[in-house]
Colleague: 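Questions regarding the structure given below will be posed in turn.
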Amino acid sequence: MAVERNDFIRDIIDDDLAAGRHTTVATRFPPEPNGYLHIGHAKAICVDFGVARDYQGTCNLRYDDTNPVKEDVEYVKSIEADVRWLGFEPSAVLFSADYFPKMYELAERLVTEGKAYVCDLTDEQIKEYRGTLSEPGRPSPFRDRSVEENLDLLRRMQAGEFPDGARVLRAKIDMASANMKMRDPLLYRIRHAHHHRSGDRWKIYPMYDYAHPLEDGIEGITHSICTLEFENNRELYDWVLDNTGPWATRPHQYEMARLVLDYTVMSKRKLLTLVQQKLVNGWDDPRMPTIAAMRRRGYSAAAIRAFCDMIGIAKANSSVDIGKLEYCIRDDLNHTAPRVLGVLRPIEVELVGWTGETEMLEAPLFPPDVGKPGSRQVPFSGRVLIDRDDWRDDPPKDYQRLAPGRTVRLRYGYCISGAEVVERDPAGNVTRLRAKVDLDTTGGKNPADGRKVSGVIHWVDAASSLPVEVRLYDRLFKVPSPEEGGGDFLEHLDPSSLEIVTGARVEASLATAEIGSRWQLERVGYFIVDQDTKPGAIVMNRIITLRDQRTVATTAKTPAAPETERKINAKAQTRPKGKSPAEYRAEARARDPELATAHTRLSALPGITADHADLLAGDRDTAALFVAVAETVAPELAAKWIINELPRALGDTPIGTVAADQLAQLLRAVADGSLNPSAAKGVLAELVRTGKPFSELRAAQTAPALDLVPAIDAVIAANPEKAAQYKAGKTGLLGFFVGQVMKSAPGADAAAVNRAVRDRLG
RNA sequence: UCGGGGAUCGUCUAAUGGCAGGACGCAAGACUCUGACUCUUGCUAUCUAGGUUCGAAUCCUAGUCCCCGAACCA
């Protein structure tokens, strides 16, 4: 059931399915109901639900509501609404709180088994005992309480006998672990707080690291996908599951990079600041990155899903160009938004030569290439409004709109020409024009006298058009990374990210436009009818501008953050460099005299460099393997294979499992030329994987084709264009041909194939 | 006693020892009753240095840079 899309998560699932570790896929999207969902969550939703959809599995919406003091039903509602709006149907809507009884039962079991204890240290003391990144922690003085006492205290914690913070339940793991998360992590804390779902029943609440794996286990989640910052938590996730099972399906956690987007901020705290300081108009202000805001802005769910597909899934931290989002929005709207005419900042144009009648012009709702039917009637009555941008007293050379002496077409209507200024406002902006209408120019007909039409401009009928308030939204921040540079991110707010235009006019057909309907105002941009619209008072939000080559060419792009000065973080000082592998090997030898002896002995072997010796004598298993193999094989050959080739064959299997005599046999065959190196690599992989004896594996090798020429010619014949490219100089294709031949003749001597292919291709 | 991750066109991402590919972007051109859309063509990348190999983005070694981890948050 492998899927075409390629990302590391789906690779893992394909492997799991192929290996029979799972027969179905179960995922979950586990938000904490403590805020509104944003575009970052949208990515997670698309991954979690998307994976389930691709493999016909399930995906639960599960509220990770283990901290009653931060959570609220308001968020619960908005989250589910957002998920559904995005187009995903949860297989189930669940609450961690509903598992509290089971979690508590398992906690008592951990206590009973001596794997958890009640600790009376204060939070400061706990922190102190935990040690630091580079120093081990110390055991809590309460670590060795008896099972009976622990059980009694735990029960009394839940009975409400102790105040908040008095005691915690901790896992008894390892205070000296290099992973801070494993230094006796907290499992439960006391919270006398009302929970939005479980009410006042519980006096103790589980911590994320305890609750989350159990939730996954209880629900039978197969692939628990989260973000990179939880990598360190995985060891604890596994510990909890392994010490509470058995689980019918044992979940595994996988981490992917979270979404970072240009020109915005995503952290809950910063978003809250924007709302609280009224720098935006609430959580659904169309400039916000929340899903509610994007919905109000006019982004469609399909566009957001397309964006999430476009950016992919990987483990590398990255920052996505907001232009990609904008592309997806435009691409979606181009196919879905009907075209209408509207003018943002009107100039009135009196048309000389018009009959005075009102004529209805037919205008299609979509351009031909979109291929959707429909049209509407647009009234035309001799007085029109055009956009201020479409008139220039003194136009630049490439100007394609109205100016003195120019002829332009009114979209879907007549050509006009001979425009002259009638009136200006005090600032000098033109407010009224008079122009001549060229009759008999509808239907795309050009003026009979052969005048050139410079362009097509949009317009509305002065008499019948509707007033509309237009809200022009743009990126909230002026810089791509408002959080960088150490300063206050608010300094980078763009004050012109919202511009309200009050005098705009749209064509009469929009009188009945519904709230939430999306339109393209031709040549202006895409707009949505906002919920603030009242009868007779239309409000439209600009979703996004049209792509505009003209401005791109003239407006210099915002320069990238000038000085990417290294972040001076205080943490850096407390982070001494870790030891290198070389140091570890040296230390191992210092500790282990036997290893040290091996090192000096094998350093003296012929063909063994100091680097080889260091690598081979870094641990006992490797050293032992090498020594054993080198008894019957040239040391240099043994060293190269053990150092360079064995690791790949090994993967995660420990080197100690490799049978030295079998490896030696293999290398002897390589040395005497009876087994070519490329075939030997395949045999080595099998040797490690299956543990079968070399002799058997070797016999199973298909005999290499004696005559390679036919095989090579067949490949060349099958790929004539590649052969031509190769002859034309694309020598990189040599590898392609060799690869193809090797596929048809496994076990062949690749070096010989390589030479032969080169000969045949001339 | 530090540990865990990561680095491929400007950006995002693919290639699981065998053609460095796609998308966004950018540039030029075509088309056009939207300076839109569409189409064509082009642009640009394997962090560095060694090694193994017929062949390395991929395996080995050394180095560089970036991210995460010491809440009774998730």
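Lettering follows sequence order; numbering is per chain, from 1.
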Colleague: For A/Arg138, check side-chain hydrogen bond (donor to acceptor under 3.5 Å, both in side chains) against everything at least two apart and list the hits.
Modeller: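 Listed in chain order: nothing, the list is empty.
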
Colleague: Looking at B/rA14, B/rG35, B/rC72, which one has an atom nearest to any side-chain atom of A/Arg191?
Modeller: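 Output: B/rC72.
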
Colleague: Restricting to ring-ring contact (aromatic ring centres under 6.0 Å, His included), what partner residues turn up for A/Tyr414, sequence neighbours left out?
Modeller: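 Checked A/Tyr414 against ring-ring contact (aromatic ring centres under 6.0 Å, His included); matches are A/Trp354, A/Phe380.
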
Colleague: Between B/rC60, B/rA23, B/rG35, which nucleotide gets closest to the side-chain atoms of A/Asp548?
Modeller: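 So the nucleotide nearest the side chain must be B/rG35.
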
Colleague: Does OP1 or OP2 of B/rC37 have a side-chain N or O of A/Arg547 closer than 4.0 Å?
Modeller: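 Affirmative; the distance criterion is met.
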
Colleague: In chain order, what residues pass the ring-ring contact (aromatic ring centres under 6.0 Å, His included) check against A/Tyr526, with sequence neighbours excluded?
Modeller: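 A/Tyr526 satisfies ring-ring contact (aromatic ring centres under 6.0 Å, His included) with no residue once adjacent residues are dropped.
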
Colleague: Among residues 119-127 of chain A, which contact RNA chain B at a heavy-atom distance under 4.0 Å?
Modeller: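 The stretch gives A/Leu121, A/Thr122, A/Asp123, A/Ile126, A/Lys127 as the residues lying under 4.0 Å from the strand, ordered by number.
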
Colleague: Of the nucleotides B/rU13, B/rC54, B/rG17, which has the atom closest to the A/Ala750 side chain?
Modeller: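 Comparing B/rU13, B/rC54, B/rG17 against the side chain of A/Ala750, the answer is B/rC54.
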
Colleague: Using atom CD1 of A/Ile39 as one end and atom C1' of B/rC12 as the other, report the distance to the nearest whole Å.
Modeller: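 So the CD1-C1' distance, A/Ile39 to B/rC12, works out to 14 Å.
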
Colleague: Give me the distance, rounded to whole Å, that separates B/rG51 from B/rC43 when you measure between the C1' atoms they each carry.
Modeller: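 Roughly 34 Å separates the two C1' atoms.
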
Colleague: Measure from CD on A/Gln520 to C1' on B/rC37 and round the result to the nearest Å.
Modeller: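 After rounding, the gap between these two atoms is 9 Å.
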
Colleague: Once hydrogens and angles are ignored, does a donor-acceptor distance under 3.5 Å link the base of B/rU34 to the side chain of A/Arg339?
Modeller: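 Looking at the base of B/rU34, it does pair with a donor or acceptor on the side chain of A/Arg339 (distance under 3.5 Å).
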
Colleague: So if I take every side-chain heavy atom of A/Glu32 and compare against B/rG35, B/rA74, B/rA36, which nucleotide ends up nearest?
Modeller: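 Nearest to the side-chain atoms of A/Glu32, counting from C-beta on, is B/rA74.
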
Colleague: Taking atom C1' of B/rU11 as reference, at what distance in whole Å does atom CG of A/Leu325 sit?
Modeller: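 Answer to the nearest Å: 14 Å.
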
Colleague: Can you check the distance between B/rA57 and B/rU8, where both ends of the measurement are the P atom (answer in whole Å)?
Modeller: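 Per the computed distance, 15 Å lies between those P atoms.
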
Colleague: Of the options B/rC73, B/rC54, B/rG17, whose atoms approach the side-chain atoms of A/Ala751 most closely?
Modeller: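 Of all the options, the side chain of A/Ala751 is nearest to B/rC54.
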
Colleague: Go through the structure and list residues passing side chain to side chain contact (heavy atoms under 4.5 Å, CB included) with A/Lys181, not counting sequence neighbours.
Modeller: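 Per chain and number, A/Lys181 pairs via side chain to side chain contact (heavy atoms under 4.5 Å, CB included) with A/Asn179, A/Asp209, A/Asn232, A/Asn233.
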
Colleague: I'd like to check the ring-ring contact (aromatic ring centres under 6.0 Å, His included) partners of A/His212; sequence neighbours left out, ordered by chain and number.
Modeller: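 In terms of ring-ring contact (aromatic ring centres under 6.0 Å, His included), with neighbours along the sequence ignored, A/His212 is linked to A/Tyr208.
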
Colleague: Rounded to whole Å, how long is the line connecting atom CG of A/Asn179 with atom P of B/rA70?
Modeller: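 To the nearest whole Å, that distance equals 10 Å.
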
Colleague: Would you mind reading off the distance between A/Lys681 atom NZ and B/rC60 atom C1', rounded to a whole angstrom?
Modeller: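 Rounding to the nearest Å, NZ of A/Lys681 and C1' of B/rC60 are 12 Å apart.
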
Colleague: Please check the phosphate of B/rU13 (OP1 and OP2 only) for any side-chain N or O of A/Arg10 closer than 4.0 Å.
Modeller: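 Checking A/Arg10 against B/rU13: no side-chain N or O falls below 4.0 Å of OP1 or OP2.
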
Colleague: Mind checking the C1' distance from B/rG22 to B/rC65? Whole angstroms is fine.
Modeller: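 Pairwise C1' distance, B/rG22 against B/rC65, rounds to 28 Å.
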
Colleague: Among B/rC54, B/rC2, B/rA74, which nucleotide sits nearest the side chain of A/Ser134?
Modeller: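 Nucleotide nearest to A/Ser134's side chain: B/rC2.
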
Colleague: Which residues satisfy the side-chain hydrogen bond (donor to acceptor under 3.5 Å, both in side chains) test with A/Thr132, sequence neighbours excluded?
Modeller: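 Once residues adjacent in sequence are excluded, A/Thr132 has no partner under the side-chain hydrogen bond (donor to acceptor under 3.5 Å, both in side chains) criterion.
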
Colleague: Measuring to OP1 and OP2 of B/rG6, would you say a side-chain N or O of A/Asn317 lies under 4.0 angstrom away?
Modeller: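 So the side chain of A/Asn317 is outside the cut-off, no N or O lying under 4.0 Å from OP1 or OP2 of B/rG6.
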
Colleague: Which residues pass the ring-ring contact (aromatic ring centres under 6.0 Å, His included) test with A/Tyr205, sequence neighbours left out?
Modeller: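 Scan of A/Tyr205 (ring-ring contact (aromatic ring centres under 6.0 Å, His included), adjacent residues dropped) gives A/Phe100, A/His195.
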
Colleague: Is the glycosidic angle of B/rA71 within 90° of 0, making it syn, or outside that range, making it anti?
Modeller: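 Chi for B/rA71 falls in the syn range.
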
Colleague: Side-chain N or O of A/Arg189 less than 4.0 angstrom from OP1 or OP2 on B/rC73?
Modeller: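 For B/rC73, OP1/OP2 do have a side-chain N/O of A/Arg189 under 4.0 Å.
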
Colleague: Please evaluate residues A/Ser224 and A/Arg28 with respect to the criterion side-chain contact (heavy atoms from CB on, under 4.5 Å), reporting the C-alpha separation (whole Å), side-chain torsions for both, the decisive distance (0.1 Å), and the verdict.
Modeller: CA-CA 7 Å; A/Ser224 182; A/Arg28 100 273 92 114; 3.0 Å; yes

Colleague: Of the nucleotides B/rA74, B/rG35, B/rA36, which one has an atom closest to the side chain of A/Gln400?
Modeller: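 Side chain of A/Gln400 sits closest to B/rG35.
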
Colleague: What heavy-atom pair brings A/Asn446 and A/Arg409 nearest, and what distance separates the two atoms?
Modeller: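 That closest heavy-atom pairing would be OD1-NH2, 3.6 Å.
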
Colleague: What base-paired stems does RNA chain B take part in, with at least 3 consecutive Watson-Crick or G-U wobble pairs and both distances under 3.5 Å?
Modeller: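 So far as stems of 3 or more pairs are concerned, RNA chain B shows B:2-7 with B:64-69, B:10-13 with B:21-24, B:25-30 with B:38-43, B:47-51 with B:59-63.
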
Colleague: Main chain of A/Leu341, side chain of A/Glu507: is a donor-acceptor contact present, judged purely on distance under 3.5 Å?
Modeller: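 Yes: the side chain of A/Glu507 pairs with the backbone of A/Leu341.
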
Colleague: Kindly write out the residues that satisfy side chain to side chain contact (heavy atoms under 4.5 Å, CB included) with A/Glu124, not counting sequence neighbours, or none if the list is empty.
Modeller: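 Counting only residues at least two positions away or on another chain, A/Glu124 forms a side chain to side chain contact (heavy atoms under 4.5 Å, CB included) with A/Thr122.
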
Colleague: Whether A/Arg183 contacts B/rA70 is assessed here as follows: a side-chain N or O lying under 4.0 Å from the phosphate OP1 or OP2. Is that the case?
Modeller: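 Checking A/Arg183 against B/rA70: no side-chain N or O falls below 4.0 Å of OP1 or OP2.
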
Colleague: Please measure how far the C1' atom in B/rA62 lies from the corresponding atom in B/rG55, and state the result in whole Å.
Modeller: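 That atom pair is separated by 24 Å.
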
Colleague: Could you give the distance separating B/rA56 and B/rC47 at their P atoms, to the nearest angstrom?
Modeller: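 It comes out at 15 Å once rounded to the nearest Å.
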
Colleague: Respond yes when some side-chain nitrogen or oxygen of A/Arg130 is under 4.0 Å from OP1 or OP2 of B/rC72, and no when none is.
Modeller: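 Yes, such a contact exists.
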
Colleague: Rounded to the nearest 0.5 Å, how far apart are CG of A/Leu402 and CH2 of A/Trp459?
Modeller: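 Atom-to-atom, A/Leu402:CG and A/Trp459:CH2 are 14.5 Å apart.
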
Colleague: To the nearest Å, how far apart are A/Leu646 CG and B/rC59 P?
Modeller: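 Those two atoms, CG and P, are 15 Å apart.
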
Colleague: Roughly how many Å apart are B/rU58 and B/rC68, using the C1' atom of each and rounding to a whole number?
Modeller: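 Rounded to whole Å, the distance is 25 Å.
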
Colleague: Checking A/Lys640 now: which residues fulfil salt bridge (Lys or Arg N to Asp or Glu O under 4.0 Å) with it, not counting sequence neighbours?
Modeller: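 Checked A/Lys640 against salt bridge (Lys or Arg N to Asp or Glu O under 4.0 Å); matches are A/Glu636.
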
Colleague: Suppose you measure atom P in B/rG21 against the same atom in B/rU46; what distance do you get, rounded to whole Å?
Modeller: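 13 Å, rounded to whole Å.
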
Colleague: According to a strict under-4.0 Å criterion, is A/Lys743 in side-chain N/O contact with OP1 or OP2 of B/rG18?
Modeller: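 A/Lys743 to B/rG18 OP1/OP2: no side-chain N or O under 4.0 Å.
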
Colleague: From the set B/rG5, B/rC12, B/rG63, return the single nucleotide nearest to any side-chain atom of A/Ser580.
Modeller: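 Shortest atom-to-atom distance from the side chain points to B/rG63.
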
Colleague: If you draw the axis of the six-membered ring of A/Phe162, does the NZ or CZ of A/Arg167 fall within 45° of it and under 6.0 Å from the ring centre?
Modeller: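 Because its charged atom sits under 6.0 Å from the ring centre and within 45° of the axis, A/Arg167 does stack over A/Phe162.
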
Colleague: Where the side chain of A/Arg234 is defined as all heavy atoms beyond and including C-beta, which of B/rC72, B/rG5, B/rU61 is the nearest nucleotide?
Modeller: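 Selected nucleotide: B/rG5.
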
Colleague: Look at A/Thr66 and B/rA74 and indicate whether a side-chain polar atom (N or O) is within less than 4.0 Å of OP1 or OP2.
Modeller: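 Checking A/Thr66 against B/rA74: at least one side-chain N or O falls below 4.0 Å of OP1 or OP2.
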
Colleague: What integer distance in Å separates A/Asn232:CG from B/rA74:C1'?
Modeller: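 My rounded result for the distance is 14 Å.
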
Colleague: Just N and O in the side chain of A/Arg269: are any of them under 4.0 Å from OP1 or OP2 of B/rA74?
Modeller: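 It does not, given that no N or O in the side chain of A/Arg269 lies less than 4.0 Å from OP1 or OP2 of B/rA74.
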
Colleague: Looking at A/Glu231 and A/Lys315, does any basic side-chain N land under 4.0 Å from a carboxylate oxygen?
Modeller: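 Salt bridge flag = yes for A/Lys315 with A/Glu231.
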
Colleague: For A/Ile643 and B/rA62, what is the distance between atoms CD1 and P respectively, to the nearest whole Å?
Modeller: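 After rounding, the reported distance stands at 11 Å.
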
Colleague: Measuring from the side chain of A/Glu645 (C-beta onward, heavy atoms only), which nucleotide among B/rG17, B/rC73, B/rG69 has the closest atom?
Modeller: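 Among B/rG17, B/rC73, B/rG69, the one nearest the side chain of A/Glu645 is B/rG17.
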
Colleague: Mark up nucleotides 38-51 of chain B, 5' to 3', with B wherever a protein heavy atom is under 4.0 angstrom from a base atom, S wherever such an atom reaches only the sugar-phosphate, and - elsewhere.
Modeller: -------------B

